[in-house]
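Structure first, commentary second.
Residue numbers run from 1 in the order of the sequence given. Side chains are part of it too, since the values below use all heavy atoms of this structure and drop only hydrogens, waters and symmetry mates. Here the structure is a predicted model, which means the values were calculated and not measured.
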Amino acid sequence: MAASNPDTPGREPRPTRIAFAAILALVLAMPAIAAQPTKGRNAEIVVDAASSDVDYRSNTLLFRDVVITQGPLRVQAERARATGLDFKDATWTFSGKVKMDVEGGTMRAEEAVVNFVADQLARATVRGKPAEFEQQMKTGGKARGRAGSLVYETRGGTVTLKENAWLSDGRSEIRGQQLVYEIAAQRVQAGKTTGSDERVRIVIRPQTAPEPKVTP
(Lines give C-alpha, C1' and ligand atoms only; values in the text may rest on other atoms or scores of the structure.)
Protein backbone atom coordinates (compact mmCIF):
# COMPACT_ATOMS: atom_id res chain seq x y z
CA MET A 1 0.00 0.00 0.00
CA ALA A 2 1.39 3.42 -0.94
CA ALA A 3 2.16 5.84 1.84
CA SER A 4 -0.34 8.68 2.14
CA ASN A 5 0.80 12.22 1.42
CA PRO A 6 0.34 14.43 4.52
CA ASP A 7 -0.12 17.47 2.29
CA THR A 8 -2.93 15.90 0.25
CA PRO A 9 -5.97 18.22 0.04
CA GLY A 10 -8.53 17.41 2.70
CA ARG A 11 -5.94 16.13 5.12
CA GLU A 12 -4.49 18.00 8.08
CA PRO A 13 -1.04 19.45 7.22
CA ARG A 14 1.97 18.02 9.02
CA PRO A 15 2.96 21.20 10.96
CA THR A 16 -0.47 21.35 12.63
CA ARG A 17 -0.27 17.72 13.70
CA ILE A 18 3.18 18.35 15.20
CA ALA A 19 1.89 21.37 17.13
CA PHE A 20 -0.97 19.35 18.56
CA ALA A 21 1.39 16.53 19.45
CA ALA A 22 3.61 18.96 21.34
CA ILE A 23 0.66 20.29 23.31
CA LEU A 24 -0.55 16.77 24.07
CA ALA A 25 2.92 15.85 25.31
CA LEU A 26 2.86 18.81 27.67
CA VAL A 27 -0.59 17.87 28.93
CA LEU A 28 0.52 14.31 29.59
CA ALA A 29 3.55 15.68 31.44
CA MET A 30 1.41 17.70 33.84
CA PRO A 31 2.10 15.49 36.91
CA ALA A 32 5.84 15.93 36.38
CA ILE A 33 5.47 19.69 35.96
CA ALA A 34 3.38 19.97 39.11
CA ALA A 35 5.96 18.02 41.08
CA GLN A 36 8.73 20.55 40.52
CA PRO A 37 9.54 22.53 43.70
CA THR A 38 9.47 26.32 43.87
CA LYS A 39 12.65 27.87 45.22
CA GLY A 40 12.07 31.64 45.17
CA ARG A 41 10.94 34.66 43.21
CA ASN A 42 12.75 33.56 40.04
CA ALA A 43 11.82 29.91 40.43
CA GLU A 44 10.11 27.82 37.81
CA ILE A 45 6.39 28.19 37.21
CA VAL A 46 4.40 25.28 38.64
CA VAL A 47 1.05 24.32 37.08
CA ASP A 48 -1.22 21.98 39.03
CA ALA A 49 -4.70 21.09 37.72
CA ALA A 50 -7.37 18.50 38.35
CA SER A 51 -7.81 17.98 34.59
CA SER A 52 -6.81 19.48 31.26
CA ASP A 53 -8.14 19.28 27.71
CA VAL A 54 -6.97 20.41 24.29
CA ASP A 55 -9.28 22.57 22.17
CA TYR A 56 -8.10 21.67 18.66
CA ARG A 57 -10.16 24.39 16.99
CA SER A 58 -8.39 27.22 18.83
CA ASN A 59 -5.17 25.34 19.66
CA THR A 60 -5.60 26.13 23.36
CA LEU A 61 -5.36 24.26 26.64
CA LEU A 62 -8.29 24.20 29.05
CA PHE A 63 -7.68 23.53 32.75
CA ARG A 64 -10.11 22.83 35.59
CA ASP A 65 -9.45 23.39 39.29
CA VAL A 66 -6.09 24.92 38.45
CA VAL A 67 -3.35 26.45 40.61
CA ILE A 68 -0.28 28.24 39.22
CA THR A 69 2.56 29.25 41.54
CA GLN A 70 5.88 31.01 41.13
CA GLY A 71 7.69 31.76 44.36
CA PRO A 72 5.29 33.77 46.57
CA LEU A 73 2.85 34.38 43.69
CA ARG A 74 -0.14 32.06 43.44
CA VAL A 75 -3.23 32.05 41.20
CA GLN A 76 -6.14 29.69 41.82
CA ALA A 77 -9.39 29.35 39.86
CA GLU A 78 -12.06 26.91 38.77
CA ARG A 79 -11.06 27.24 35.10
CA ALA A 80 -8.16 28.53 33.02
CA ARG A 81 -7.48 28.90 29.31
CA ALA A 82 -4.03 29.25 27.73
CA THR A 83 -2.23 28.77 24.44
CA GLY A 84 0.42 26.19 25.28
CA LEU A 85 2.69 26.13 28.31
CA ASP A 86 5.34 28.53 27.06
CA PHE A 87 5.54 31.39 29.57
CA LYS A 88 8.04 33.52 27.66
CA ASP A 89 5.16 35.62 26.32
CA ALA A 90 1.82 34.17 27.35
CA THR A 91 -1.62 35.26 28.48
CA TRP A 92 -3.75 33.13 30.76
CA THR A 93 -7.45 33.76 31.43
CA PHE A 94 -8.82 32.50 34.76
CA SER A 95 -12.48 32.37 35.72
CA GLY A 96 -14.62 31.15 38.60
CA LYS A 97 -13.68 31.93 42.22
CA VAL A 98 -10.35 33.46 41.27
CA LYS A 99 -7.95 33.99 44.16
CA MET A 100 -4.53 35.53 43.64
CA ASP A 101 -1.89 35.72 46.36
CA VAL A 102 0.74 38.38 45.71
CA GLU A 103 3.62 39.46 47.91
CA GLY A 104 1.89 40.68 51.06
CA GLY A 105 -1.69 40.65 49.78
CA THR A 106 -4.60 38.72 48.32
CA MET A 107 -6.99 39.54 45.48
CA ARG A 108 -10.34 37.87 44.81
CA ALA A 109 -12.46 38.26 41.69
CA GLU A 110 -14.65 36.54 39.13
CA GLU A 111 -12.10 36.74 36.32
CA ALA A 112 -8.39 37.42 35.91
CA VAL A 113 -6.15 37.93 32.90
CA VAL A 114 -2.52 37.19 33.76
CA ASN A 115 0.40 38.14 31.51
CA PHE A 116 3.72 36.30 31.65
CA VAL A 117 6.83 37.91 30.16
CA ALA A 118 10.25 36.23 30.02
CA ASP A 119 9.01 33.37 32.24
CA GLN A 120 7.85 35.81 34.92
CA LEU A 121 4.38 36.83 36.03
CA ALA A 122 4.44 40.49 35.02
CA ARG A 123 0.89 41.79 35.25
CA ALA A 124 -2.56 40.65 36.34
CA THR A 125 -5.91 42.33 35.74
CA VAL A 126 -8.75 40.99 37.88
CA ARG A 127 -12.40 41.95 37.47
CA GLY A 128 -15.44 41.42 39.64
CA LYS A 129 -18.61 42.92 41.08
CA PRO A 130 -16.52 44.07 42.80
CA ALA A 131 -12.98 42.73 42.74
CA GLU A 132 -11.43 42.74 46.23
CA PHE A 133 -7.97 43.27 47.70
CA GLU A 134 -6.73 42.59 51.23
CA GLN A 135 -3.36 42.99 52.98
CA GLN A 136 -2.17 42.46 56.54
CA MET A 137 -0.66 45.77 57.67
CA LYS A 138 2.46 46.26 59.74
CA THR A 139 0.38 48.07 62.36
CA GLY A 140 -1.66 44.93 62.96
CA GLY A 141 -4.82 45.92 61.10
CA LYS A 142 -5.87 45.07 57.56
CA ALA A 143 -6.00 47.17 54.43
CA ARG A 144 -9.05 46.32 52.34
CA GLY A 145 -9.99 47.59 48.93
CA ARG A 146 -12.56 46.97 46.22
CA ALA A 147 -13.21 48.22 42.71
CA GLY A 148 -14.56 47.15 39.35
CA SER A 149 -11.05 46.05 38.39
CA LEU A 150 -7.65 45.66 40.04
CA VAL A 151 -4.38 45.80 38.12
CA TYR A 152 -1.36 44.23 39.81
CA GLU A 153 2.13 45.10 38.52
CA THR A 154 4.94 42.91 39.85
CA ARG A 155 7.77 45.28 38.89
CA GLY A 156 6.38 48.24 40.83
CA GLY A 157 4.64 46.15 43.48
CA THR A 158 1.43 48.13 43.04
CA VAL A 159 -2.29 47.43 42.88
CA THR A 160 -4.30 49.96 40.88
CA LEU A 161 -7.97 50.07 41.81
CA LYS A 162 -10.22 51.36 39.02
CA GLU A 163 -13.96 52.03 38.68
CA ASN A 164 -15.59 53.10 41.95
CA ALA A 165 -12.42 52.39 43.90
CA TRP A 166 -12.55 52.17 47.69
CA LEU A 167 -9.71 51.52 50.15
CA SER A 168 -9.70 51.41 53.95
CA ASP A 169 -7.28 50.65 56.77
CA GLY A 170 -10.08 50.08 59.28
CA ARG A 171 -10.03 53.62 60.60
CA SER A 172 -10.00 55.85 57.54
CA GLU A 173 -11.21 55.25 54.01
CA ILE A 174 -10.59 56.82 50.64
CA ARG A 175 -12.75 56.76 47.51
CA GLY A 176 -12.02 57.77 43.96
CA GLN A 177 -12.22 56.69 40.36
CA GLN A 178 -8.63 55.42 40.53
CA LEU A 179 -6.40 54.58 43.50
CA VAL A 180 -2.84 53.24 43.35
CA TYR A 181 -1.75 51.19 46.37
CA GLU A 182 1.94 50.45 46.95
CA ILE A 183 2.02 47.07 48.68
CA ALA A 184 5.48 47.19 50.31
CA ALA A 185 5.23 50.82 51.47
CA GLN A 186 1.53 50.43 52.35
CA ARG A 187 0.88 53.82 50.79
CA VAL A 188 -1.96 54.98 48.54
CA GLN A 189 -2.00 57.56 45.76
CA ALA A 190 -5.30 58.97 44.57
CA GLY A 191 -5.98 60.64 41.27
CA LYS A 192 -8.55 61.03 38.57
CA THR A 193 -8.57 59.41 35.18
CA THR A 194 -8.10 61.46 32.02
CA GLY A 195 -11.20 63.46 31.18
CA SER A 196 -12.82 62.88 34.57
CA ASP A 197 -13.76 65.65 36.99
CA GLU A 198 -14.45 63.32 39.90
CA ARG A 199 -12.91 64.35 43.20
CA VAL A 200 -11.23 62.17 45.81
CA ARG A 201 -13.08 61.70 49.09
CA ILE A 202 -11.32 60.77 52.33
CA VAL A 203 -13.19 59.87 55.51
CA ILE A 204 -11.26 59.69 58.81
CA ARG A 205 -13.04 58.30 61.83
CA PRO A 206 -11.69 59.57 65.15
CA GLN A 207 -10.50 56.97 67.58
CA THR A 208 -12.77 56.52 70.56
CA ALA A 209 -11.07 57.68 73.74
CA PRO A 210 -11.22 55.20 76.62
CA GLU A 211 -13.70 56.08 79.34
CA PRO A 212 -12.04 57.43 82.51
CA LYS A 213 -11.88 55.07 85.42
CA VAL A 214 -14.04 56.02 88.36
CA THR A 215 -12.47 55.48 91.76
CA PRO A 216 -15.07 54.29 94.29
Side-chain angles (χ1 to χ4, degrees), residues 16-135 145-163 183:
T16 305
R17 289 205 303 272
I18 293 175
F20 287 158
I23 293 177
L24 284 172
L26 288 171
V27 173
L28 294 174
M30 284 294 296
I33 294 174
Q36 296 176 359
T38 42
K39 300 177 182 178
R41 176 66 183 271
N42 296 320
E44 64 270 12
I45 299 169
V46 179
V47 180
D48 188 6
S51 65
S52 57
D53 300 307
V54 179
D55 186 340
Y56 292 100
R57 294 171 299 178
S58 58
N59 199 22
T60 58
L61 295 172
L62 308 175
F63 296 91
R64 295 178 181 84
D65 189 14
V66 60
V67 178
I68 293 183
T69 57
Q70 185 179 36
L73 305 177
R74 184 177 187 270
V75 186
Q76 178 180 355
E78 292 180 337
R79 297 172 297 278
R81 179 186 295 268
T83 303
L85 288 175
D86 186 355
F87 291 93
K88 294 186 182 300
D89 184 11
T91 299
W92 284 61
T93 301
F94 299 86
S95 59
K97 297 181 180 178
V98 179
K99 179 184 177 184
M100 184 171 180
D101 295 325
V102 300
E103 293 182 278
T106 299
M107 294 185 289
R108 292 181 175 85
E110 299 169 2
E111 181 186 76
V113 177
V114 179
N115 302 110
F116 292 89
V117 177
D119 297 315
Q120 297 290 318
L121 193 157
R123 177 187 174 100
T125 302
V126 302
R127 301 182 181 89
K129 298 181 180 179
E132 299 176 327
F133 171 77
E134 181 178 283
Q135 181 195 27
R146 59 175 181 263
S149 67
L150 308 175
V151 180
Y152 171 65
E153 302 276 359
T154 56
R155 176 170 293 185
T158 61
V159 175
T160 302
L161 298 84
K162 300 181 179 180
E163 304 167 27
I183 298 176

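- A distance-only check finds no donor-acceptor pair linking the side chain of E163 to the backbone of P130 [under 3.5 Å].
- If you run side-chain contact (heavy atoms from CB on, under 4.5 Å) between T69 and each of D101, I45, V46, only V46 comes through.
- A salt bridge does not link R108 with E132: every distance from a Lys NZ or Arg NE/NH1/NH2 to an Asp or Glu carboxylate oxygen is 4.0 Å or more.
- Between W92 and F63, the ring planes lie parallel to each other; the angle is under 30°, not in the 30° to 60° tilted range.
- The distance from atom CG of L150 to atom CG of L161, rounded to the nearest 0.5 Å, is 5.0 Å.
- For E153, the side-chain contact (heavy atoms from CB on, under 4.5 Å) partners two or more places apart in sequence, or in a different chain, are R123, V151, T158.
- Salt bridge status for K88 with D86: absent, with no side-chain N to carboxylate O gap under 4.0 Å.
- Inter-residue side-chain proximity for V113 and T91 is flagged as met; some heavy-atom pair is nearer than 4.5 Å.
- Atom OG1 of T160 and atom CZ of F133 lie 11.0 Å apart (nearest 0.5 Å).
- Between Y152 and M107 the shortest side-chain heavy-atom distance falls below 4.5 Å.
- Using a 4.5 Å heavy-atom cutoff, the side chains of I68 and R74 are not in contact.
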Between L73 and T154, is the side chain to side chain contact (heavy atoms under 4.5 Å, CB included) condition met? List the steps.
CA-CA 10 Å; L73 305 177; T154 56; 4.2 Å; yes

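- Rounded to the nearest 0.5 angstrom, S95 OG and E111 CD are separated by 7.0 Å.
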Under the criterion side chain to side chain contact (heavy atoms under 4.5 Å, CB included), I'd like the reasoning laid out for V66 against D48: C-alpha separation, chi angles, the key distance, then a yes or no.
CA-CA 6 Å; V66 60; D48 188 6; over 6 Å; no

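- In this structure, D55 and R81 have side chains that are in contact, with non-hydrogen atoms separated by less than 4.5 Å.
- Exactly one of V126, L121, V102 qualifies for a side-chain contact (heavy atoms from CB on, under 4.5 Å) with V75. That residue is L121.
- Heavy-atom minimum distance, R127 versus S149: CG-CB, 4.1 Å.
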Any chance you could lay out the side chain to side chain contact (heavy atoms under 4.5 Å, CB included) test for Q135 and I183, step after step, and finish with the verdict?
CA-CA 8 Å; Q135 181 195 27; I183 298 176; 3.3 Å; yes

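- From E110, atom CD reaches atom CD of E78 across 11.0 Å, with rounding to the nearest 0.5 Å.
- Residues satisfying the salt bridge (charged side-chain N to carboxylate O under 4.0 Å, His left out) test with D65, not counting sequence neighbours, are none.
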Quick one: do T83 and L61 satisfy side chain to side chain contact (heavy atoms under 4.5 Å, CB included)? Show the steps, please.
CA-CA 6 Å; T83 303; L61 295 172; over 6 Å; no

